[in-house]
Peer 1: 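For reference, the structure I am asking about is given below.
Nothing fancy with the numbering, it's 1 onward along the sequence. Just so it is clear, the model here is predicted, and its values are computed rather than measured.
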Amino acid sequence: MSALIHPTKDVLASVEYFSADAHWNPNEKRKRHTDYVAALETSGVSTHIGSFKSVNRKCKKCQKTYKTFEENGTDVAIAAAMIKFAHEERFDKALLFSADSDLVPIIRSLRASHPEKEVFIVTTSSRIRNAKDLRNISNGFISIGAKNFERNLFGSEISNGTHSVLRPKYYDPI
């Protein structure tokens with residue numbers, strides 16, 4: 001296994017963010033997510049925003065049916081982008097920030113079709129146990145603790161020279 005990132009030899013080619021817009025939930029949480037996406041875009045991150053779909057579920061206790069929403073296609077969008085970027089020779093190493101085991105098949109496929117490409121899993125300390133299958137199929141992994149998050153928060157204002165956005169107050173460190 002090679003080093004995760006070499007400070008003088010590796011070049012960051014791009015940062016891609018995949019998520020979904022909770023259009024059905026127009027509250028402060030959705031606004032914070034929208035503001036966060038704007039901050040990412042202002043800082044040069046490419047964003048890929050999918051959607052949620054409506055699903056009917058049945059309560060196990062009372063047997064009543066209720067409507068809820070689930071993210072639709074984000075893992076597929078990540079998989080498609082990883083394969084596309086590999087074919088376009090856009091990366092040698094990919095850092096995948098996820099604990100979603102639905103991504104295991106894409107990593108397995110990518111490593112089989114492009115054995116020269118390396119995929120490293122990055123996740124939070126609290127989710128590292130959930131990422132066992134990802135860790136086993138990847139080239140390596142790193143766990144990020146709360147202190148690292150605090151040290152790497154956006155500033156209160158994010159600017160790219162022509163456009164500025166404010167970080168939501170909710171994200172301010174304590």
Side-chain angles (χ1 to χ4, degrees), residues 1-22 29-51 71-107 109-111 113-114 116-128 130-131 134-135 137-168 170-173:
M1 179 171 75
S2 69
L4 185 61
I5 297 291
H6 191 281
T8 59
K9 293 182 183 175
D10 288 329
V11 175
L12 182 63
S14 70
V15 178
E16 311 290 325
Y17 176 75
F18 294 82
S19 189
D21 177 28
K29 185 176 180 181
R30 181 180 183 209
K31 180 171 179 352
R32 285 194 313 268
H33 185 255
T34 302
D35 290 348
Y36 179 65
V37 170
L40 290 171
E41 290 172 343
T42 301
S43 67
V45 173
S46 296
T47 60
H48 311 268
I49 307 300
S51 61
E71 203 168 354
N72 185 32
T74 300
D75 51 355
V76 175
I78 292 169
M82 289 181 75
I83 291 293
K84 179 179 185 285
F85 294 166
H87 285 310
E88 292 172 351
E89 293 294 327
R90 288 183 51 187
F91 74 92
D92 296 319
K93 294 178 186 177
L95 304 181
L96 180 58
F97 288 70
S98 181
D100 186 348
S101 62
D102 288 346
L103 296 169
V104 167
I106 184 54
I107 296 171
S109 175
L110 184 65
R111 294 197 62 208
S113 63
H114 298 287
E116 75 284 4
K117 305 292 183 198
E118 295 179 302
V119 179
F120 294 90
I121 301 304
V122 184
T123 189
T124 61
S125 302
S126 62
R127 306 253 342 213
I128 196 72
N130 297 350
L134 284 172
R135 289 189 344 240
I137 194 69
S138 70
N139 294 92
F141 68 95
I142 188 168
S143 174
I144 299 175
K147 295 230 184 260
N148 281 333
F149 271 101
E150 277 188 35
R151 282 193 296 260
N152 291 287
L153 286 173
F154 279 123
S156 59
E157 183 176 354
I158 300 94
S159 177
N160 63 11
T162 58
H163 179 71
S164 295
V165 295
L166 299 176
R167 181 182 76 203
Y170 180 84
Y171 293 106
D172 283 344

Peer 1: Calculate, to the nearest 0.5 Å, the distance between atoms CZ and CG belonging to Phe85 and Leu110 respectively.
Peer 2: 12.0 Å
Peer 1: For Ala13, is there any backbone N or O sitting under 3.5 Å from a side-chain donor or acceptor partner on Arg90?
Peer 2: no
Peer 1: Can you tell me how far the CD1 atom of Ile142 sits from the CZ atom of Phe97, to the nearest 0.5 Å?
Peer 2: 8.5 Å
Peer 1: Determine whether Met82 and Glu16 make a side-chain contact, defined as any pair of heavy atoms from C-beta on separated by less than 4.5 Å.
Peer 2: no
Peer 1: Where is the tightest heavy-atom contact between Ala22 and Arg30, given as atom of each residue plus distance?
Peer 2: O-CD, 3.3 Å
Peer 1: One pair to check against side-chain contact (heavy atoms from CB on, under 4.5 Å): Asp100 and Thr74. What are the steps and the verdict?
Peer 2: CA-CA 11 Å; Asp100 186 348; Thr74 300; over 6 Å; no
Peer 1: Please answer whether the main-chain N or O of Phe120 pairs with a side-chain N or O of Asn139 as donor and acceptor at a distance below 3.5 Å.
Peer 2: no
Peer 1: Can you name the closest pair of heavy atoms from Gly155 and Ile158 and give their distance?
Peer 2: O-CD1, 3.7 Å
Peer 1: Calculate, to the nearest 0.5 Å, the distance between atoms OG1 and CG belonging to Thr34 and Asp21 respectively.
Peer 2: 5.5 Å
Peer 1: One pair to check against side-chain contact (heavy atoms from CB on, under 4.5 Å): Asp10 and Leu12. What are the steps and the verdict?
Peer 2: CA-CA 7 Å; Asp10 288 329; Leu12 182 63; over 6 Å; no
Peer 1: State, yes or no, whether a side-chain contact exists between Asp75 and Phe18 at a heavy-atom distance under 4.5 Å.
Peer 2: no
Peer 1: side-chain contact (heavy atoms from CB on, under 4.5 Å) for Ile106 and Ile83? Distances and angles first, verdict last.
Peer 2: CA-CA 8 Å; Ile106 184 54; Ile83 291 293; 3.3 Å; yes
Peer 1: Kindly write out the residues that satisfy side-chain hydrogen bond (donor to acceptor under 3.5 Å, both in side chains) with His87, not counting sequence neighbours, or none if the list is empty.
Peer 2: His114
Peer 1: With sequence neighbours left out, write down each residue that passes side-chain hydrogen bond (donor to acceptor under 3.5 Å, both in side chains) with Asn148, or none if nothing qualifies.
Peer 2: Arg151
Peer 1: Please report the shortest heavy-atom distance between Val122 and Leu95, naming the atom on each side.
Peer 2: CG2-CB, 4.2 Å
Peer 1: With the side chain counted from C-beta on, respond yes when Thr123 and Phe141 share a heavy-atom pair under 4.5 Å apart, and no when they do not.
Peer 2: no
Peer 1: Roughly how far, to the nearest 0.5 Å, is CG of Asp92 from CD of Glu118?
Peer 2: 8.0 Å
Peer 1: To the nearest 0.5 Å, tell me how far Asp35 CG sits from Phe154 CZ.
Peer 2: 11.5 Å
Peer 1: To the nearest 0.5 Å, how far apart are CZ in Arg135 and CD1 in Ile107?
Peer 2: 12.5 Å
Peer 1: Side chains of Thr8 and His6: any donor to acceptor distance under 3.5 Å?
Peer 2: yes
Peer 1: Say whether, by atom type as modelled, one donor and one acceptor occur between the side chain of Ser138 and the main chain of Leu134 under 3.5 angstrom.
Peer 2: yes
